[in-house]
Protein chains: 4
Amino acid sequence: MSTLKNHVQLIGNVGQDPQITNLESGKKVARFSLATNEFYKNEKGEKIQNTEWHTIVAWGKTAEIIEKYAGKGKEIGVAGKLKSRSYEDKDGVKRYVTEVEANEILLLGVKNGDSQ
Amino acid sequence: MSTLKNHVQLIGNVGQDPQITNLESGKKVARFSLATNEFYKNEKGEKIQNTEWHTIVAWGKTAEIIEKYAGKGKEIGVAGKLKSRSYEDKDGVKRYVTEVEANEILLLGVKNGDSQ
Amino acid sequence: MSTLKNHVQLIGNVGQDPQITNLESGKKVARFSLATNEFYKNEKGEKIQNTEWHTIVAWGKTAEIIEKYAGKGKEIGVAGKLKSRSYEDKDGVKRYVTEVEANEILLLGVKNGDSQ
Amino acid sequence: MSTLKNHVQLIGNVGQDPQITNLESGKKVARFSLATNEFYKNEKGEKIQNTEWHTIVAWGKTAEIIEKYAGKGKEIGVAGKLKSRSYEDKDGVKRYVTEVEANEILLLGVKNGDSQ
DNA sequence: TTTT
DNA sequence: TTTT
């Protein structure tokens with residue numbers, strides 16, 4: 001994957017325990033939400049928090065690390081690429097989703113850096 | 001904006017001339033699609049192209065640069081952050097979109113580097 | 001500063017308490033070493049640690065945050081640009097140094113995210 | 001290599017034809033200077049150019065691409081990691097150098113995108 | 001919808 | 001030493 005052409009990096013907190021799917025091939029897929037929080041002061045000088053939620057997907061070895069270490073609330077770094085895809089929802093409506101396909105995970109604030 | 005917490009970088013080609021909106025405030029908004037192309041060889045040794053399409057939004061000065069220089073087909077670099085938002089479509093269905101809010105544009109392969 | 005043209009990002013541990021210089025202008029400069037640690041297994045399956053040391057320089061507001069929060073041993077993220085410069089050492093030998101000029105600092109593994 | 005822990009990205013122009021070394025193993029090493037140019041206006045409104053020179057090193061397949069396509073003056077993107085090392089110069093003085101070890105090269109402004 |  |  002080219003980090004020059006398509007690269008995303010996020011540092012934030014895992015929204016809930018990742019959903020793990022075991023494929024027939026034996027490969028794992030992990031899927032979860034990550035919150036990135038930015039803080040700024042508005043014109044009144046009040047501290048405002050802006051939270052952005054991202055959907056993260058990971059495959060194989062990266063999914064295994066997520067399953068083991070990246071539980072709800074954990075602070076992690078994610079690097080990967082932006083991917084979009086479409087599907088039909090249960091009402092037959094075409095939906096588009098954009099996800100970050102993670103190929104790297106970094107556990108933060110951890111003494112034993114059991115990251116990828 | 002924190003590039004450590006939420007950062008996207010893309011290099012690709014502009015899909016069509018950007019749509020420019022002039023806000024009442026006098027500020028401009030630019031919106032366009034960017035294609036990032038990756039190439040790989042499949043197991044048969046055939047060259048495969050994988051194109052990903054991204055929605056880019058830019059405000060103010062960055063939008064002005066896009067309007068002037070980033071026409072259809074142009075090769076550009078984009079840096080910014082990932083943002084998601086929801087809206088109701090014309091049938092009242094709630095839709096979610098994820099966009100890259102560009103705060104930096106780089107014109108590539110250009111003799112006169114009139115980039116940001 | 002263009003993150004597309006010249007961008008560095010590091011996550012690691014502060015080597016020693018940053019050296020703070022107060023300029024006559026009242027501006028601060030912070031200078032410190034940051035260690036980035038990578039782990040891999042060699043051909044014998046032994047876990048090897050590879051530590052890279054980086055010189056970080058920061059000015060103004062970023063230097064103040066470093067002075068307050070980025071003491072020895074702290075895990076932080078740094079984003080900025082690569083800069084090189086030359087000087088003459090005490091023996092009159094011309095020396096070249098390459099530094100990361102940080103314009104962003106993120107404190108990691110901290111409950112109260114008092115980062116920039 | 002972890003792009004979260006140690007990542008550099010540059011877009012600029014090749015200073016001179018890369019120096020290629022053929023190792024006994026058959027592997028190639030490429031070494032060259034890359035200029036990144038930033039422009040700003042000073043307080044008098046004059047356009048100022050600030051050029052930063054970087055030393056780039058690449059191994060193996062990346063070195064081969066550089067040898068073929070990244071000649072003097074070419075506009076390229078480089079992604080990789082920051083590495084420092086020391087050596088003794090011809091006068092026995094210990095010297096330190098910081099280099100960008102490229103693991104990705106992108107040829108820009110090229111009709112035939114024969115990049116990595 | 002781009003580009004190669 | 002590049003490029004604009």
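Naming convention: chains lettered A, B, ... in sequence-line order (proteins, then strands); numbering from 1 in each chain.
Between atom OG1 of residue Thr3(B) and atom CD of residue Glu104(C) there is a gap of 3.5 Å, rounded to the nearest 0.5 Å.
In the set dT1(F), dT1(E), dT2(F), the nucleotide with an atom closest to the side chain of Lys72(B) is dT1(E). The side chain of Phe39(B) has dT4(E) as its nearest neighbour among dT4(E), dT2(E), dT4(F). Residue Ser33(B) places its side chain closer to dT1(E) than to any other of dT1(E), dT4(E), dT4(F).
Residue-level contact check: Thr51(B) touches the bases, meaning some heavy atom is under 4.0 Å from a base atom. No engagement by Lys74(D) is indicated, since no non-hydrogen atom pair under 4.0 Å with the nucleic acid exists. As judged by a 4.0 angstrom heavy-atom cut-off over every strand, Gly73(D) is placed among residues touching the sugar-phosphate backbone only. Note on Glu75(B): nothing from the nucleic acid sits closer than 4.0 angstrom, heavy atoms only.
Atom pair Tyr96(A):OH and dT1(E):C1' shows a separation of 13 Å (rounding to whole Å applied). Rounded to whole angstrom, the span from the CG atom of Asp17(B) across to the P atom of dT1(E) amounts to 14 Å. Rounded to whole Å, atom P of dT2(F) lies 21 Å from atom CG of Leu108(B). Rounded to an integer number of Å, the gap from NE2 of His54(D) to P of dT3(F) is 16 Å. Separating the CZ atom of Phe32(B) from the P atom of dT1(E) is a distance of 18 Å, rounded to the nearest angstrom. Between Arg31(B) atom CZ and dT2(E) atom C1' the separation is 19 Å, expressed in whole Å. Between the CD1 atom of Ile11(B) and the P atom of dT2(E) there is a distance of 20 Å, rounded to whole Å. Rounded to whole Å, atom P of dT3(E) lies 16 Å from atom CG of Leu106(D).
Between Tyr96(B) and Thr55(A), every side-chain heavy-atom pair lies at or beyond the 4.5 Å cut-off. With contacts defined as side-chain heavy-atom distances shorter than 4.5 Å, the pair Ile76(D)/Leu108(D) does not qualify.
A cation-pi arrangement is present between Lys47(D) and Phe39(D) under the rule of less than 6.0 angstrom and at most 45 degrees off the ring axis.
Contact between Ala63(D) and Ala58(D) at its shortest, heavy atoms only, is CB-O, 3.6 Å.
Between the side chain of Asn37(D) and the base of dT2(F) there is at least one donor-acceptor pair of N/O atoms closer than 3.5 Å.
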